[in-house]
Structure formats: C-alpha cells, structure tokens
Amino acid sequence: MSFYEDLQWRGLVHQTTNDAGIAAWLDEKPRTVYAGFDPTADSLHVGSLMGLVVLRRFQQAGHKPIAVVGGATGMIGDPSGKSAERNLLSKDELQKNVEGIGQQMRKFLDFDANDNGAVLANNFDWTGSWTYLEFLRDVGKNFPVNVMLAKDSVKSRLGRSDGPDKSATASDDASGMSYTEFSYMLLQAYDFVHLNDEHGCELQAGGSDQWGNITAGIDLARRMGRPQLFGLTWPLLTKSDGTKMGKTESGAVWLDPLRTSPYQFFQYWVNVDDADASKCLRMLTDLSREQIEDIETVQTAHPEKRMAQKQLAEQLTLLVHGQDGLEVAEQATSIFFGAEIADLNDEQLGQIFSEVPSKELSTDKLGGDGLAIVDALVEAGLAKSKSEARRTVQQGGAYINNRRVAGLEQTVTNADLASETTVVLRSGKKKYALLRFR
RNA sequence: GGGAGGUUUCCGGAGCGGUCAAACGGGUCAGACUGUAAAUCUGAUGGCUUAUGCCUUCACAGGUUCGAAUCCUGUACCUCCCA
C-alpha cells in the first residue's frame, strides 16, 4: 500500500488539488509539505492534533514537514469557520505562544533528521517587516476581489445566501467581517509562496476549512511565476453527534500536561463514543492497518471491552505525554476506578491526584482515637456540613483509600496513611480529596 | 394616573392560624444495575456532638395571638389589566 493509499484508508484525505496525480507525485521523490498552526494559546490542543499527526506521517514516509506557526496571521485571525470577528492578540502574547507550541511539536516531529528534518517557521519572520505599500503592490495586486468574494469563508460571513450550500450559509448571523480579516487570506497565501522560495515547499495540507486559503496560495504562486503547487485537506475531526472533537464541558483538551493532565487526557480518549473510536484510531494513531482492523473486529464483537477506546487512549497518551505520562495516567485510572490505594509514596500520589483538592492538617489529629470520618470528610471539603457527611457515610458513599467506610464510628488513624503523609478520601464514585498530615 | 395580584427552602410550585423544616415536580447528592455510556430503580436533600432535643428559614420591619409561612400595618421589588 502506498503512502497516499494509506492516507486515504485512514480517512485523512478530504480534497486535493490533483486527485489523479497526487499519489504518483508523492511517490516520485521526497516532497516538502507544510501545515499551519494557530498560536491562539501557548499550548496546542486536540484540535491541532490532526495537523501534527498528518505532518508526522509525511515525515515518516520520507517527506520533509514544515510546521508554520502563524505569528503574523494570528495577529489578524482566520475568518474561516468563524462566525464572528476574532479578538486580536498582542505581539508579546503571540511570541510566547509560538515558543510554547514549538516545544510541543518536538514530540511529533523530528527536527534533527538529516535529510528530511522538520522545520518550524513563524510567518511573522517574513511578513513582520513589510510595509503596507509593499504588501499591496507585491501581493494584493495578484488578488482579484471577485475571486476572494466567491470563497465560502468570506461568503458565509457576509451572509449572502447564493452559495452552493445554502443551508450552511446562515444568512441570519451575517455579522460581516472587517477589512483586516478579509486580508487574512492574502497573508496565508503568501506564506506558501515564501516557503516555496525558501524551502522548495510544494504541498500545503490543512483542515477542510482551509481549502480556500490553500487554493488562494496556489493561485498566488502561479500569478507570481512560481511552479505549480499542490494542496491537500483532511476532514474536520467531528464526533458522531456533530460536535467538535476535543471539547469537554470544562473546555478544550490541551496537549500541555499543566493544562490537561495526562490522566485527563487519557480519560478523554477512553470516553470517546463507540462510533468515533475506530475513526480516531485510523486518523490519529500510528497503529498499522492490520492492527486497527483487528481491534475493530474485537470492538464489534465485544463492545463492552472498549478495546478501541483503550488503545486510542494508550497510543495518544504515549505520543503526547511519553512513557512516564502514560504510566501515571494508567495508574491514576486504575485508582480512580476503585483499586485500593496502598504502598505509594507522596510523589506518586501527588502526580496521580494532581488536580484533586487537598487540605493540610496537623498530625496530632491522627493520635488517640483518630479523626472521626465525618469530620475528615468535612475538612477535606467533600461534604458541606456534618449532616451531609453523615448521610454520605450512611449511604455507603464514603471511602478511605478506596476502601468503603463501614459506619459513622470509623476514624482515620495512622494506619490509614496511603503514603508518608497522605490519606485519600473519596465521596461517591469520583469525588476525591487528599488529607495531608504534617 | 386608576384597578388586580404576587414575593416560600437550589429552581418551579403547594400551603388559607396549631399535626410546617414546610406537599409535589425538577435539579443535586449517594446506592444498585452497567461497558468509566444512556435509561431505570432505591434512598437522601436547612444546620447542630442523631436528638420523641435545640437553632435558623417562607421579601423586609413591626403588630395581633398561648401559637403566624399563614391574620393586620407599613416598606421594597415584581407582574397583569384599564387610561
């Protein structure tokens, strides 16, 4: 199976600018490909995973990937897929974000390979020093406004309902767009030309919402006398219910362990719907076609084993957080789902329960008869009042180190320390809190 | 400007002088079931050293009564109707 066929099988090809020839073109010799990333935060999130994984695949197949962080375009805001004008970020914020993102990319791309080492570029570097007049003369001149107006990304924002897809063009939220956003396309188009000049980049990949920007770049290159360039888009990663992948009630799922812990990250994937799991396996993991098909067979026969979700979580956590992150996530998972907590040290507990609230108490409390379970629950913040704590215990919903509390008379003593200083309390299925005794 | 009505525990909403910490529904929290799902079922749901006890709560402030969320007076806010 060729590289391109593999991409297709994985469902990573949505549209290309040359369906007939691109497979052979990619096989012919190593190509240079680029994809852009939005520096709206100092970390990437699951939404950006597709781009990273696609570039990674290209690199593994021998092609040279360029990750472009939009330091310049980020100052303007891509109107594609947005329904409203975007807030602009300051230069400093963007600089910080670009650095953070570049760091994360190292996990996906090899920047040191000899022949096809990945390149990280920031388009602010080649656009930041432009003057307005230069830009208008060199780039703007090559953009017919009527063509720009015909792009879906523009059309939907202007609320014109004469597009090919009338239903998607919600004319009732015609919020309009500023001249600044209108110009976004020109900047991204020029990126492609620049990368072709500097790195011989011939292919731009992006999400399907980037199609208009990609073709704009190809058009611009032609008008400016550059070679024929190519474009490829992947489908947007959506869930079977139509919503975006990588969002939880509490916000985006980030790749930065400080924003989304390895455990939470792992859990996100374990909880993916059955209907979406195998799609994600294909698109996002490095597993081979055979492996994935095996998993799918098991999944169909025994959905309750959640094989696809487990594999997905394991593969992606390993990729994003490394072996250590995966181990912590798995350990945390077994503990959060009932395994008894014992024989751990403070450091392990601290990692596993990093986002669990904790409270420090004096060691004295453990002496004598110990600390009454009801008081312990209140101290740990798991119950608002003693009455509430009492109810929880009576209903069998209180746990010390994942062992169910037998009754109201039970106390927390030295024997209950799960590590040097810490007792893990739990109320109900998922609510944990730590008591640290100093 | 004239007229009518409302304000209750997280929300909606009963309550019409004692048996009201206050029906019922929703939510929430526990438990069971389960695939770390959904649905369902069970229990709990003001606080207090769990008590046939005490304290705080029915817009706010006073009053009548042995006794008030319930009656009266005033204050604030809200809704509706007629101009």
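Numbers restart at 1 for each chain; the letters A, B, ... are given by sequence-line order, proteins then strands.
- Contact footprint of chain A on RNA chain B: nucleotides with an atom under 4.0 Å from a non-hydrogen protein atom, first to last in 5' to 3' order, B:rC29 to B:rU50.
- Where A:R426 and A:Q299 each meet RNA chain B at their nearest nucleotide, the meeting point lying more 5' is that of A:R426.
- The residue A:E388 sits apart from the nucleic acid: no heavy atom pair falls under 4.0 Å.
- Between the CD1 atom in A:I292 and the SG atom in A:C280 there is a gap of 11.0 Å [rounded to 0.5 Å].
- The partner of B:rG31 is B:rC41, by the rule that a Watson-Crick or G-U pair needs both atom distances under 3.5 Å.
- The pairing partner recorded for B:rU52 is none, the criterion being a Watson-Crick or G-U wobble arrangement whose two distances lie under 3.5 angstrom.
- A:D274 comes within 4.0 angstrom of a base, heavy atoms only.
- For A:D369, the CG atom sits in a loose shell: 12 or fewer heavy atoms of surrounding residues, nucleotides or ligands are nearer than 6.0 Å.
- Aromatic rings from A:W234 and A:H14 are positioned such that their centres are separated by 6.0 Å or more.
- Ring pair A:Y179/A:Y184: centre-to-centre distance not below 6.0 Å.
- In this structure, the ring of A:Y432 has its center no less than 6.0 angstrom from the ring center of A:Y399.
- Looking only at atom types and distance, the side chain of A:Q104 has a donor-acceptor partner in the side chain of A:S43 under 3.5 Å away.
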